[in-house]
Peer 1: 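Below is the structure I would like to discuss, written out as C-alpha cells.
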Amino acid sequence: LMGYVGFANLPNQVHRKSVRKGFQFTAMVVGESGLGKSTLVNTLFNTTLYTPKEPLPPSAERSRTVAIESIDADIEENGVRLHLTVVDTPGFGDFINNDDSWNPILENIESRFDAYLEQENRVNRQKITDNRVHACLYFLQPTGHALKQIDIEFMRKLHNKVNLIPVIAKSDTMTDEEILDFKERILSDIAHHNIRIFQAPTYENEDEETITEAEEIASKIPFAVVGSVQQVNTPDGRQVRGRAYPWGVVEVDNEEHCDFVKLRQMLIRTYMEELREHTNNVLYENWRSDKLVSMGV
Ligand code: GDP
Ligand code: MG
C-alpha cells in the first residue's frame with residue numbers, strides 16, 4: 001500500500017500493551033449503612049467481594065469515626081485482566097453528629113494523590129502504581145425529598161478531588177413517578193449548589209451512535225439502582241439477577257426496571273478510561289499544582 005504509514009494500527013498496539021499489563025481501577029463507595037453499597041459492588045463486578053454480614057445488634061459497640069477499608073480483587077474477562085480496588089467508607093453518615101464525615105474520606109483521596117506524586121518524583125518511574133480513586137459512587141437515600149445537608153456538604157468538599165457519580169440507592173422501594181420527581185429535585189439541588197458531578201466528555205465528529213449512547217447515559221443521572229446477585233425466577237420462566245417480591249420480580253439488568261445497566265456503562269463498559277484520564281489530567285493535576293504553589297515551588 002503506497003503511502004500507508006501504519007499508525008492506523010496504534011489503537012490496537014495500545015490495546016495489546018494494556019491487555020498485557022492489565023488495567024488498574026479504583027472505585028469508592030460512600031453512603032449511610034444499609035443503603036446497598038456492598039451489594040451493588042458485587043452486582044457491578046459480578047463477584048462476591050463482600051460476603052453478607054450479620055447486622056450489628058443495637059447495643060453493640062460501634063466505631064465513632066468513619067473507617068476506610070479497601071478490598072482488592074483481580075478479575076479477568078476474555079483474557080483481559082482488571083486489578084480492581086474498592087474503597088469502602090463504613091460509618092459515613094451514621095452518627096448523631098456527622099459534621100465532618102467527609103473529612104477522613106477527603107484525606108484518604110489526597111493521601112493517594114500524595115503516594116502517586118511521590119512515585120512520579122522517583123528516579124525510576126518505570127513501575128508507577130496508580131492507586132488514586134477514579135470514581136466515587138455516592139449513595140442517596142431513597143427518601144423522595146431532596147438532597148440532605150450531609151449530601152451537599154460531602155459533594156461540595158469532594159467534587160474537585162474525585163469523579164462523583166450520584167446514585168439513588170434501593171430504587172425498587174420507590175415508584176417510577178417518585179423516582180422521576182426525586183431525580184429532578186436532586187439535579188436542581190446539584191445545580192443550585194454548584195456541585196460538579198462527572199459528565200462524560202463528548203468529542204467533535206463523533207458518530208451518531210456514540211453520541212446517542214452518551215446522551216442516554218447522561219439522561220439517567222442520578223442512576224436509580226437496584227443491586228442483587230441472587231438469581232430469581234420471573235413469572236414468565238426466566239432466571240435473572242433480581243429481587244423477588246410478592247407482587248413480582250425487580251430485574252437488575254432490565255432497563256425498564258432500573259438504571260443499573262446505564263450505571264455499569266458509565267463506570268465500566270464505556271467510560272472507565274475517561275474516568276481514569278479525568279482523574280489524572282484534571283483532578284490530580286489541579287491538586288498537584290495547588291500543592292506545589294502552597295509549598296512555594
Ligand atoms: P451497605 O451497608 O451499604 O453495604 O449495604 P448492604 O449491601 O450490606 O445491604 C444492606 C441490606 O439492603 C441487605 O439486606 C441487602 O440485601 C439490602 N439491599 C441491597 N441492595 C438493595 C436494593 O437495591 N434494594 C433493596 N430493596 N434492598 C437492597
Ligand atoms: Mg457494606
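In listed order, ligands and their atoms are each counted from 1.
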Peer 1: I'd like the name of whichever of G34, S228, C258 reaches closest to atom 10 (C) of ligand 1 through any heavy atom.
Peer 2: G34
Peer 1: Does any donor atom in the side chain of N108 or R112 lie under 3.5 Å from an acceptor atom in the other side chain?
Peer 2: yes
Peer 1: Are side-chain heavy atoms of D130 and Y116 found at a separation under 4.5 Å?
Peer 2: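 Yes, their side chains come closer than 4.5 Å.
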Peer 1: Taking NZ, NE, NH1 and NH2 as the nitrogens, is one of them in E32 or K148 under 4.0 Å from a carboxylate oxygen of the other?
Peer 2: yes
Peer 1: Between F154 and F92, how do the two ring planes meet: parallel, tilted or perpendicular, split at 30° and 60°?
Peer 2: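 It falls in the perpendicular class, over 60°.
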Peer 1: Which atom names give the shortest non-hydrogen contact between T43 and R241, and what distance separates them?
Peer 2: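 Heavy atoms only, the tightest pair is O-NH1, 2.9 Å.
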Peer 1: To the nearest 0.5 Å, how far apart are CZ in R269 and NZ in K262?
Peer 2: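 Answer rounded to 0.5 Å: 11.0 Å.
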Peer 1: Please could you name the atoms of ligand 1 that S33 approaches to less than 4.0 Å, counting only its heavy atoms?
Peer 2: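 Going through ligand 1 atom by atom, the ones under 4.0 Å from S33 are 2 (O).
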Peer 1: Between S38 and the Mg ion (ligand 2), is there a contact where an N/O/S atom of the residue lies under 2.8 Å from the metal?
Peer 2: yes
Peer 1: Under 3.5 Å, is there a donor-acceptor pair linking the side chains of R196 and N160?
Peer 2: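 N160 and R196 do have a side-chain donor-acceptor pair below 3.5 Å.
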Peer 1: May I ask you to check if ligand 1 and V226 share an N or O to N or O distance below 3.5 Å?
Peer 2: no
Peer 1: Does only the side chain of D172 get under 4.0 Å from ligand 1, or the backbone, or both, or neither? Count heavy atoms.
Peer 2: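 For D172, only side-chain atoms sit under 4.0 Å from ligand 1.
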Peer 1: Which residue supplies the protein heavy atom nearest to atom 23 (O) of ligand 1, what is that atom called, and how far is it?
Peer 2: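 Nearest neighbour among protein heavy atoms for atom 23 (O) of ligand 1, to 0.1 Å: G227 N, 2.9 Å.
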Peer 1: What residue and heavy atom of the protein are closest to atom 25 (C) of ligand 1, and at what distance?
Peer 2: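 The answer is R243 NE, 3.3 Å.
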Peer 1: Quick one: which of K37, E32, K170 has a heavy atom closest to atom 22 (C) of ligand 1?
Peer 2: K170
Peer 1: Establish whether atom 5 (O) of ligand 1 and some protein heavy atom are separated by less than 4.0 angstrom.
Peer 2: yes
Peer 1: Show the atoms of ligand 1 that are less than 4.0 angstrom away from any heavy atom in Y245.
Peer 2: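 Going through ligand 1 atom by atom, the ones under 4.0 Å from Y245 are 26 (N).
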Peer 1: If we count only N and O atoms by modelled type, under 3.5 Å, do the side chains of Q265 and E216 hold a donor and an acceptor together?
Peer 2: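 No.
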Peer 1: Starting from atom 19 (C) of ligand 1, find the nearest protein heavy-atom neighbour and note its residue, name and distance.
Peer 2: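 Result for atom 19 (C) of ligand 1: T39 OG1, 3.4 Å.
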Peer 1: As a quick check of understanding, evaluate side-chain contact (heavy atoms from CB on, under 4.5 Å) for V162 and I105, giving each step before the final call.
Peer 2: CA-CA 11 Å; V162 71; I105 298 173; over 6 Å; no
Peer 1: In ligand 1, which numbered atoms sit nearer than 4.0 Å to a non-hydrogen atom of S38?
Peer 2: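 Taking each heavy atom of S38 in turn, ligand 1 has 4 (O), 7 (O) under 4.0 Å.
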Peer 1: Give a yes or no on whether atom 17 (C) of ligand 1 lies under 4.0 Å from any heavy atom of the protein.
Peer 2: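 Given the 4.0 Å cut-off, atom 17 (C) of ligand 1 counts as touching protein heavy atoms.
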